[in-house]
Protein chains: 2
Amino acid sequence: MKIKSQSEPLLSFFKALSDANRLKLVGLLAQKEASVEELAAVLEISASTVSHHLSILSDIGLVSARVDGYYNIYRLETDELERMAQSLLAQETLPEVVEGLDPKAYDRKILKDYLAPDGAIAKIPTNHRKLEVILGYIAEKFEFNRTYTEKEVNAIIGALNPDISGLRRDLISAKYLGREKDGSAYWRVKGEG
Amino acid sequence: MKIKSQSEPLLSFFKALSDANRLKLVGLLAQKEASVEELAAVLEISASTVSHHLSILSDIGLVSARVDGYYNIYRLETDELERMAQSLLAQETLPEVVEGLDPKAYDRKILKDYLAPDGAIAKIPTNHRKLEVILGYIAEKFEFNRTYTEKEVNAIIGALNPDISGLRRDLISAKYLGREKDGSAYWRVKGEG
DNA sequence: TATTTATTTCGAAAACAATCGAATTAAATA
DNA sequence: TATTTAATTCGATTGTTTTCGAAATAAATA
């Protein structure tokens with residue numbers, strides 16, 4: 001099942017107003033209500049096209065129609081327009097737009113690029129952002145709430161990549177591992193377990 | 001020369017935000033700045049497509065880029081977004097949208113439909129709105145600031161359509177012509193000259 | 001200096017949207 | 001009831017937009 005974004009109304013609103021003729025329709029109806037025929041004459045497009053545009057505006061509640069004799073008289077729902085415009089400014093609107101997206105997708109892509117199929121680190125990235133992701137991956141091989149000897153640390157790192165001392169230094173300077181001043185013990189500091 | 005609407009910025013704004021992926025980009029950048037690669041991974045679309053979308057957002061000043069090493073780091077121009085959203089609500093925004101449109105286009109179309117090539121009234125509309133337009137057309141054949149005898153009135157109307165008494169009555173009841181109680185004089189009341 | 005890397009630009013394919021005129025529907029008048 | 005009228009729906013066409021992968025660009029590293 002496809003995860004559907006929470007922001008459909010917002011997108012529909014922008015789509016509805018992202019056409020020059022529809023924007024003009026809203027502008028005209030803001031002045032006074034009007035029939036399809038009249039709008040078509042002023043916009044110089046066919047009545048069927050106006051009808052199509054009005055149905056899009058009507059779908060999101062921005063205009064409504066009233067029958068009067070032969071005519072369908074359309075009017076702008078001013079309150080609705082104001083409500084929608086206001087909600088653009090609301091704090092909670094933008095966060096909803098990104099619901100359903102996975103912020104870890106980039107980290108996963110980096111791991112995929114730098115790890116061998118067996119989980120070893122095939123190549124060490126020079127780039128800072130990417131190195132950070134790889135260091136986080138190494139850190140996960142360490143448990144919280146215990147200490148490791150340097151020999152144990154080297155064994156864990158060495159199973160992943162031959163550049164043991166370089167990676168050990170990086171892990172400490174990036175604060176993934178803590179270390180006794182005399183080098184007698186190491187322990188895991190941060191990461192997500 | 002094509003008359004250009006005054007509302008280009010408004011239309012560009014809506015167009016820019018009328019795509020689901022661009023809306024998500026804005027949502028992501030609202031949380032934190034990010035590189036093209038990172039955005040592409042999270043949205044699960046190609047980097048070139050992200051680049052294309054960012055250039056559209058950047059054209060209207062909604063995002064900006066900063067170079068950092070290999071990366072172009074994009075950030076949301078929060079102030080600009082707020083400014084644009086605010087201007088949607090501004091009084092003067094909607095009227096600008098309809099600038100350059102001719103509100104008399106509908107009247108002209110009605111005249112075209114009901115007048116013969118020589119200017120005579122080929123057919124009298126039953127519809128109220130349309131009849132009004134035709135009456136306005138007849139009224140223009142009368143001068144302001146003088147009176148007409150019934151004979152003169154009949155001659156002017158008769159040159160346009162044989163239903164003289166019907167049209168004369170309509171002109172008076174729609175207040176295009178004034179009339180002495182005893183019917184001895186008629187004069188033009190409203191219209192645009 | 002040659003190579004690697006992220007981004008942008010380009011060109012083509014596919015998806016989408018606007019538009020028109022004709023056919024249909026619904027409502028008013030003759 | 002048949003006709004006229006305005007609006008909507010339909011089908012086809014045209015134009016625009018999104019998207020991708022490949023090629024070009026620009027910037028950092030080896």
Side-chain angles (χ1 to χ4, degrees), chain A residues 11-12 14-25 33-41 43-59 63-75 106 109-110 113-114 122-131 133 163 166, chain B residues 11-12 14-25 33-59 63-75 106 109-110 113-114 122-131:
Chain A
L11 183 57
S12 309
F14 284 123
K15 279 189 135 92
L17 296 178
S18 70
D19 173 86
N21 280 329
R22 281 198 295 271
L23 214 46
K24 287 175 189 170
L25 283 171
E33 55 179 29
S35 69
V36 176
E37 247 199 345
E38 184 166 357
L39 294 167
L43 260 50
E44 298 178 318
I45 58 180
S46 77
S48 63
T49 300
V50 170
S51 188
H52 166 243
H53 286 315
L54 287 170
S55 88
I56 289 170
L57 293 171
S58 158
D59 283 348
V63 306
S64 64
R66 149 176 85 77
V67 176
D68 176 27
Y70 284 151
Y71 298 98
N72 278 13
I73 308 284
Y74 280 86
R75 63 179 238 99
Y106 184 53
K109 178 182 179 290
I110 290 168
D113 289 349
Y114 286 87
K123 186 170 179 300
I124 297 171
T126 46
N127 180 278
H128 186 264
R129 172 85 171 84
K130 293 184 174 180
L131 179 59
V133 174
D163 182 10
Chain B
L11 183 58
S12 308
F14 284 123
K15 278 190 135 93
L17 295 178
S18 70
D19 172 85
N21 279 329
R22 281 199 293 272
L23 212 47
K24 287 176 189 169
L25 284 172
E33 54 179 28
S35 69
V36 176
E37 247 199 342
E38 185 166 356
L39 295 166
V42 176
L43 290 181
E44 298 178 319
I45 57 179
S46 78
S48 64
T49 300
V50 170
S51 186
H52 166 244
H53 285 317
L54 287 171
S55 88
I56 289 170
L57 293 171
S58 158
D59 282 350
V63 306
S64 64
R66 149 177 84 78
V67 175
D68 177 25
Y70 285 152
Y71 298 98
N72 279 13
I73 308 285
Y74 279 85
R75 65 179 237 99
Y106 184 52
K109 179 183 178 290
I110 291 168
D113 289 349
Y114 286 86
K123 187 170 180 296
I124 297 170
T126 46
N127 181 278
H128 187 265
R129 172 86 171 84
K130 294 184 175 182
L131 179 59

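Values in this document were obtained by computation on a predicted structure and should not be read as measured data. Chain identifiers are assigned alphabetically (A, B, ...) following the order of the sequence lines, protein sequences preceding nucleic acid strands; residue numbering begins at 1 within each chain.
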For [X], give me all partners under side-chain hydrogen bond (donor to acceptor under 3.5 Å, both in side chains), at least two apart in sequence or on another chain.
X: B:D113; answer: B:K109
X: B:N21; answer: none
X: B:E44; answer: none

| task | State which of C:dT7, C:dA6, D:dT8 makes the closest approach to the side chain of A:K130. | result |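 Among C:dT7, C:dA6, D:dT8, the one nearest the side chain of A:K130 is C:dA6.
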Could you state the [atom1]-[atom2] distance from [X] to [N], rounded to the nearest angstrom?
X: A:N72; N: D:dA6; atom1: CG; atom2: P; value: 12 Å
X: B:L39; N: C:dA6; atom1: CG; atom2: P; value: 14 Å
X: A:I45; N: C:dA17; atom1: CD1; atom2: P; value: 17 Å

With sequence neighbours left out, what residues match [X] under side-chain contact (heavy atoms from CB on, under 4.5 Å)?
X: B:S46; result: B:S48, B:T49
X: B:K15; result: A:S18, B:L11
X: B:S64; result: B:R75, B:E77
X: B:K130; result: A:E37, A:Y71, B:Y106, B:I110, B:Y114, B:P125, B:N127

Donor-acceptor contacts under 3.5 Å from residues 51-58 of chain B side chains, at least two apart:
unit_1, atom_1, unit_2, atom_2, d
B:H53, ND1, B:R22, NH1, 3.0
B:S55, OG, B:H52, O, 3.0

Compute the angle between the rotation axes at the two ends of the helix from C:dT1-D:dA30 to C:dA30-D:dT1, each taken over five pairs, rounded to 10 degrees.
->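 Both end axes considered, the difference amounts to 10°.
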Return yes if the base of C:dG21 and the side-chain atoms of A:S48 contain a donor-acceptor N/O pair under 3.5 Å, otherwise no.
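Flag set: donor-acceptor pair detected.
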Checklist entry - For A:D59, what residues pass the salt bridge (charged side-chain N to carboxylate O under 4.0 Å, His left out) criterion, not counting sequence neighbours? => result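 In terms of salt bridge (charged side-chain N to carboxylate O under 4.0 Å, His left out), with neighbours along the sequence ignored, A:D59 is linked to no residue.
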For nucleotides 11-18 of chain D, tabulate all protein N/O to nucleotide N/O atom pairs closer than 3.5 Å, reporting atom names and distance.
unit_1, atom_1, unit_2, atom_2, d
D:dT18, OP1, B:R22, NH1, 3.2
D:dT18, OP1, B:R22, NH2, 2.8
D:dT18, OP2, B:R22, NH1, 3.3

Hey, what are the protein-to-nucleotides 26-30 of chain C N/O distances that come in under 3.5 Å?
none

